[in-house]
Amino acid sequence: MEKLLSESFYLDEQVVDLGEALLGKYLCTNIDGCYTAGMIVETEAYRAPDDKASHAFDNRRTKRTEIMFDAGGHAYIYLCYGIHHLFNIVTGPEGSAHAILIRAIEPAEGIEHMLHRRKMSKINYRLSNGPGILTKALGLNTQWNGESLLKRKNIWIEDRNLTLSPQDIIRSPRVGVDYAEESASWNWRFRIKHNAWCSPAK
DNA sequence: CACCGGATTGGCT
DNA sequence: GCCAATCCGGTGT
């Protein structure tokens, strides 16, 4: 059974717990007439206002971070290094700026569309094992920033009744946030143990 | 309005 | 393993 995640799931204030809870869920898109889906195998939590790695640290409200202050269940997509589009899930009630970065997915459906978008001919881990390339495989870019995830329209998340136990999850520091001082050491990166589709970063 | 640097990737040495 | 690619957000003048 594929159950669409409802708003109550995203409104949870505990973004770090949600980062773990999203492992094993399915990120689905229907973009340009192409249906694609993959299992979330790696995430990172970002929590304003105390997290120095968050774009919304100290509750900075700018044009870019505004969507993070909206209610949970929206997409936050931004351009990184001028090249890559990174997809986040906004969580928490309106006014709190929490988000979860999706860092890797295991392809499940619409693999032919993913291969085409990535200009690849055969499926392997490079199809979607990083935050900047899974968005390309799924057709996501900044055009979809702010999109609601609460309907099976363009972007949504499904619970397919996969249950993970705590020992199935690896917790470690987040990637690429060395500048974030004490926040850099927090174990807010989550991966499914033994899953071959996780990102290569340390 | 100029400058700095980034929640990354892939190609080349 | 190193490093260029490529652009814009955030900050300070």
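Residue numbering restarts at 1 for every chain, and letters A, B, ... go by the order of the sequence lines.
Following rounding to the nearest Å, A:Lys119 (NZ) and B:dG11 (P) show an atom-to-atom distance of 12 Å. Between the C1' atom of B:dA7 and the NE2 atom of A:His98 lies a distance of 16 Å, rounded to the nearest Å. Look at OH on A:Tyr78: it is 14 Å from C1' on C:dG10, rounded to the nearest Å. We find that CG of A:Leu79 is positioned 13 Å from C1' of B:dG5, with the value rounded to whole Å. To the nearest angstrom, P of C:dG9 lies 15 Å from CG of A:Leu86. Nucleotide B:dA7 holds its C1' atom 15 Å from the CD1 atom of A:Ile83, rounded to whole Å. Remark: P of B:dT9 and CE of A:Met120 are 13 Å apart, rounded to the nearest angstrom. As rounded to whole Å, 13 Å separates atom C1' of C:dG9 from atom OH of A:Tyr179.
Remark: A:Asn141 CG to A:Leu86 CG distance equals 12.5 Å, nearest 0.5 Å. To the nearest 0.5 angstrom, A:Asn88 atom CG is 10.5 Å from A:Thr43 atom OG1. Note that the NZ atom of A:Lys52 and the OH atom of A:Tyr46 stand 15.5 Å from one another [nearest 0.5 Å].
Taking the C1' atoms as reference points, B:dG5 lies 15 Å from C:dC3, given to the whole Å. The gap from the P atom of B:dA2 to that of C:dT6 amounts to 22 Å, rounded to the nearest Å.
A:Asp32 CG: 12 or fewer foreign heavy atoms inside a 6.0 Å radius. Counted within 6.0 Å of NZ on A:Lys193, heavy atoms from surrounding residues, nucleotides or ligands total more than 12; the atom is thus considered enclosed.
Contacts of residues 44-75 of chain A with DNA chain B (heavy atom under 4.0 Å): A:Tyr46, A:Ala53, A:His55. Within residues 121-140 of chain A, the residues having any heavy atom closer than 4.0 Å to DNA chain B are, in order of number, A:Gly130, A:Pro131, A:Gly132, A:Ile133.
Under the 6.0 Å distance and 45° angle rule, A:Arg171 does not count as a cation-pi partner of A:Phe190. Remark: A:Arg47 fails to qualify as a cation-pi partner of A:Phe57 under the 6.0 Å distance and 45° angle criteria applied to the six-membered ring.
Side-chain contact of A:Thr135 with A:Arg117: a donor-acceptor pair under 3.5 Å is absent, judged by distance alone. Between the side chains of A:Ser165 and A:Asp168, at least one donor N or O lies within less than 3.5 Å of an accepting N or O.
No salt bridge links A:Glu112 with A:Lys122; every basic N to acidic carboxylate O contact stays at or beyond 4.0 Å.
Here A:His113 and A:Tyr35 keep their ring centres 6.0 angstrom or further from each other.
Contact annotation: A:Tyr81 side-chain N/O to B:dA7 OP1/OP2 distance is not under 4.0 Å.
With A:Ser54 contributing its side chain and A:Ala56 its backbone, the two residues share a donor-acceptor pair below 3.5 Å.
Considering only the side chain of A:Arg118, B:dG10 comes nearest among B:dG10, C:dC7, B:dT8.
Base pairing in DNA chain B gives the following stems of 3 or more Watson-Crick or G-U pairs, range against range and under 3.5 Å: B:1-6 with C:7-12, B:8-12 with C:1-5.
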